[in-house]
Number of protein chains: 2
Amino acid sequence: MLKAVKRPKIRDVVALRLKNYIAQEFLQPGDRLPTETELADRFGVNRLSLREATKALEFLGIVDAKPGRGLTVGRIDMQRIVEHLGFHPALHDVEPGELIDTRTVIETGVLPFVARRMRQDPSIHERLTRINADLRRARSLRKFVELDIAFHHELVAASGVTPLMAFSDMLVVFFRRFLESVKKGQWQDGADSHQFIIDALQAGKVAAADKRLRKHIESHRKRIATPK
Amino acid sequence: MLKAVKRPKIRDVVALRLKNYIAQEFLQPGDRLPTETELADRFGVNRLSLREATKALEFLGIVDAKPGRGLTVGRIDMQRIVEHLGFHPALHDVEPGELIDTRTVIETGVLPFVARRMRQDPSIHERLTRINADLRRARSLRKFVELDIAFHHELVAASGVTPLMAFSDMLVVFFRRFLESVKKGQWQDGADSHQFIIDALQAGKVAAADKRLRKHIESHRKRIATPK
DNA sequence: ATTGACAGATTATCAGACAATCTTCGGCGG
DNA sequence: CCGCCGAAGATTGTCTGATAATCTGTCAAT
């Protein structure tokens, strides 16, 4: 099937070129980029068109801009993306069941790594326990959601598999609103599951942790499938 | 601690206002927004400044723009978000070992889903078998890489868990160069593993498929760790 | 050593304009 | 009456030229 031919927008081409430039030069956050005027000359476009690309990248944190100083490489910020997208109506289009499956795959998949690292670094269990204790004391939904997200983030991050951590952080965009429908009477159940999982991991019982984690994440499915 | 006082950028104020407008009007994807000229008038800014805000929002899919038609509320695309994720330092600067761990978690994680769907849809096994047959006949490295990628893509896609598929597709960008270091003498080993895995899945032997897949992906580790 | 002033560099925002693309409407032909 | 084509209208895309705002570095005075 023949697809409609569309002329690419200059700003999209520029944004892609800039990203490639950063990657190919092995630039790190804080490193200087050419000025807007130089880049516009180099790409053969008007400076304002160049800016449309850089402002888009800046929105995600990939690029930073300072008057008088110039452009520097930034650091992409999932939290920022989560905040920007959190309100969006189209989030409802993502299949909730697939989100649950995705979370299950990621979080159960990292458990063996977490258990291994817990043996070497006891502060992991301490940290998770502390977050969970704060979760038990939560009084507002906002706090509950924030701490539940923090617990799961810390769990995945403790694996040391950073791509999975980044992906898991991204999933928060889509998953957050489901957390907001958890009834207050169920918060302690969640905290109990958290504690069971990390205690089992510390004891080297990965299978038990796995089973409990699946049940914990699965608990969302019925609630999500039949919204009120 | 005292924090630096900074004048907010007009584009940031406009972006926030636009997001609030979408939320307050309960707009859905596809719904029309005021034109750039109207919005610029309404916010009392220059149209180009307004565009810096809308292009940033557009980069995330929050807003869509069409010449002659105008601005509409966008549709959040998992693919697009995952694409941006590729720029996260966790991926950008990823350790090869972590990449292997990540792939292992994703691909073994989808196996139960693939097995279940194979029972309902035999064409999955056929499709994977055909790709693998083409892989066996590959004569060039380029072809081998392309077909190996296609096989794994199809395997993950067969799970029906689209977030994992999107993430897995993005990982290919980082993994590809490792595939290019696979010796020609090992291509058939790879194809044998592929066939074993999908045959085991079709027979409902998920554990056997899991074990072979881990070994298959793990085969990259030694080669990657000691490049020539 | 610290503070203040100034110059230079660079981004932020503006006005005005034309180019490119999409949608709608009207007319003509079958 | 219906479908197709072309033109007009609407709107975004990109440009030129310019000034305003902000940051950095240097030098002089205290």
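Note that this is a predicted model, so its numbers are computed, not measured. Per chain, numbering begins at 1; letters A, B, ... match sequence-line order.
Under the rule for a ring pair (Phe, Tyr, Trp, His ring centres under 6.0 Å), the partners of A:F178 that lie at least two apart in sequence or sit in another chain are A:F175. Remark: A:D134 pairs with A:R137 by the salt bridge (Lys or Arg N to Asp or Glu O under 4.0 Å) rule, at least two apart or across chains. Annotation: side-chain hydrogen bond (donor to acceptor under 3.5 Å, both in side chains) contacts of B:K19 (sequence neighbours excluded): A:H84. Partners of A:A53 under the side-chain contact (heavy atoms from CB on, under 4.5 Å) rule, at least two apart in sequence or in another chain, are A:R11, A:V14, A:A15.
The overall bend of the helix from C:dA1-D:dT30 to C:dG30-D:dC1, read as the angle between its terminal helix axes built from five base pairs each, is 20° when rounded to 10 degrees.
Boundaries of the chain B contact region on DNA chain C are C:dA12 to C:dT23, first to last in 5' to 3' order (nucleotide atom under 4.0 Å from a heavy atom).
Going from atom CZ of B:R11 over to atom P of D:dT22 covers 13 Å, rounded to whole Å. At whole-Å resolution of the value, CZ in B:R7 and P in D:dA20 are 12 Å apart. One can place NZ of B:K9 at 18 Å from P of D:dA20, the figure rounded to the nearest angstrom. When rounded to the nearest whole Å, the span between CG of B:D64 and C1' of D:dT11 equals 15 Å.
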Between A:E83 and A:R80, is a salt bridge (charged side-chain N to carboxylate O under 4.0 Å, His left out) present by the stated rule, with each step listed? CA-CA 5 Å; A:E83 282 168 10; A:R80 188 181 310 196; over 6 Å; no
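With a 4.5 Å cut-off on side-chain heavy atoms, A:L179 and A:S181 do not count as touching.
Classification of the B:H194-B:H216 ring pair by plane angle, with boundaries at 30° and 60°, yields perpendicular.
Results of the side chain to side chain contact (heavy atoms under 4.5 Å, CB included) test with A:P34 over A:D41, A:L71, A:L39 single out A:L39 as the only residue that passes. Partner of A:L16 under the side chain to side chain contact (heavy atoms under 4.5 Å, CB included) criterion, out of A:N20, A:L18, A:V13: A:N20 alone.
Remark: the B:R103 side chain and the B:H220 side chain contain no N/O donor-acceptor pair separated by less than 3.5 Å. Residues B:H88 and A:D169 bring no donor and acceptor atom of their side chains to less than 3.5 Å of each other.
Counting non-hydrogen atoms of other residues, nucleotides and ligands closer than 6.0 Å to CD of B:E95 gives a total of 12 or fewer.
Comparing B:R69 and A:G68 along DNA chain D, the residue whose closest nucleotide (by nearest heavy atom) sits nearer the 5' end is B:R69.
In the region residues 35-50 of chain B, proximity to DNA chain D at under 4.0 angstrom, judged on heavy atoms, holds for B:T35, B:E36, B:R47, B:L48. Near DNA chain C, meaning a heavy atom under 4.0 Å from it, residues 13-24 of chain A has no residue at all. Contacts between residues 52-62 of chain B and DNA chain D, defined by a heavy-atom separation below 4.0 Å, involve B:K55, listed by number.
Applying the salt bridge (Lys or Arg N to Asp or Glu O under 4.0 Å) test to pairs two or more places apart or on separate chains, those with a residue in residues 111-133 of chain B are B:R127-B:E154. Within the structure, no pair that satisfies the ring-ring contact (aromatic ring centres under 6.0 Å, His included) test touches residues 10-34 of chain A, not counting sequence neighbours. For the ring-ring contact (aromatic ring centres under 6.0 Å, His included) condition, no pair includes a residue of residues 100-123 of chain B, sequence neighbours left out.
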